[in-house]
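Start at 1 with the first residue, then count along the sequence.
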Amino acid sequence: DLSEEQVLRRYRLDKAAIAGLCRELGADLESLTGGSHALPVAVKVTSALTFLASGSFQTATRDTTGISQSAMSNCLAQFLEALQRRAARYIAFPPPARAGAPAGAFPGVLGLVGGMHVALRAPSENEPAYRNAGNYHSMNMQVVCDAAGTITNVVAKFPGSCPNAAVLENSALARLLEGARPDG
């Protein structure tokens, strides 16, 4: 019963895209037991989207979703695993030979690599590894986009103390580029 504008603000996707996600991920998110307390696919999808769109912690999104933190955690894990299984279908680094580079593009450049630190609470295990040079706990993330601003690669698994160069060196992107040696 939310307006299209409210849906976009809350979930960062429109109603049609959310319905498409429900159809695409439905088989993975449906309850195997079919119990009376099983959450519907739409609730799992919108709960996960609420968390991802908010950039907050799971407990903070509980008020918006109306489900417990443990249910939120399960929804999020199921949703992300279902997305990850389909990632190769939708996310791919561009092939080396692409016709029609955008006007003003640098010749032979495939993309822009950027690093960023996403703050997090101090983990209970291996805490020093997550403390970055700014003296706060974070994950060091790498994002690559093409000239149109389309994200073509993301690495989000290294602790904050890991240098940007090490993130790149240990990424699938580095292995891809070393093997292919595309122009640029």
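- Under the 4.5 Å side-chain heavy-atom criterion for ILVMFWY residues, no single connected hydrophobic cluster contains both Leu52 and Leu8.
- Counting only heavy atoms from C-beta outward, the side chains of Asn164 and Gln142 never approach each other to under 4.5 Å.
- Asn140 and Cys162 make their closest contact through ND2-O, 2.6 Å (heavy atoms, listed as atom of the first residue, atom of the second, distance).
- Cluster membership for Tyr11 and Leu80, using ILVMFWY side-chain heavy atoms within less than 4.5 angstrom, is shared.
- Leu49 and Leu76 fall within the same hydrophobic cluster, where Ile, Leu, Val, Met, Phe, Trp and Tyr residues are linked whenever their side-chain heavy atoms come under 4.5 Å apart, directly or through other members.
- Residues Leu176 and Val155 do not share a hydrophobic cluster, clusters being chains of Ile/Leu/Val/Met/Phe/Trp/Tyr side chains in contact below 4.5 Å.
- Here Asp28 contributes atom CG and Gln84 contributes atom CD; the two are 12.0 Å apart, rounded to the nearest 0.5 Å.
- Closest approach of Ala42 and Cys22 over heavy atoms only: CA-SG, 3.7 Å.
- To the nearest 0.5 angstrom, Arg86 atom CZ is 5.0 Å from Leu25 atom CG.
- By the 4.5 Å heavy-atom criterion applied to side chains, Arg10 and Thr50 are counted as neighbours.
- Sparse packing is recorded around CD1 of Ile151, with 12 or fewer heavy atoms of other residues, nucleotides or ligands lying under 6.0 Å away.
- The shortest heavy-atom contact between Cys75 and Ile67 is SG-CD1, 4.0 Å.
- Rounded to the nearest 0.5 Å, atoms OG (Ser171) and CG (Asn153) are 6.0 Å apart.
- Both Leu83 and Val45 are members of a single hydrophobic cluster when ILVMFWY side chains are connected at heavy-atom separations under 4.5 Å.
- By the neighbour-count criterion of 12 heavy atoms within 6.0 Å, atom NZ of Lys157 is sparsely surrounded, having that number or fewer from other residues, nucleotides or ligands.
- To the nearest 0.5 Å, the span separating NE2 on His117 from CZ on Phe158 amounts to 12.5 Å.
- For Gln6, the CD atom counts as densely surrounded, since its 6.0 Å shell holds more than 12 non-hydrogen atoms of other residues, nucleotides or ligands.
- To the nearest 0.5 Å, the span separating CG on Leu29 from CD on Glu24 amounts to 10.5 Å.
- Atom CD of Glu4 is surrounded by more than 12 heavy atoms from other residues, nucleotides or ligands within 6.0 Å.
- Residues passing the salt bridge (Lys or Arg N to Asp or Glu O under 4.0 Å) test with Glu169, sequence neighbours excluded: none.
- Leu173 and Leu168 make their closest contact through CD2-CD1, 4.2 Å (heavy atoms, listed as atom of the first residue, atom of the second, distance).
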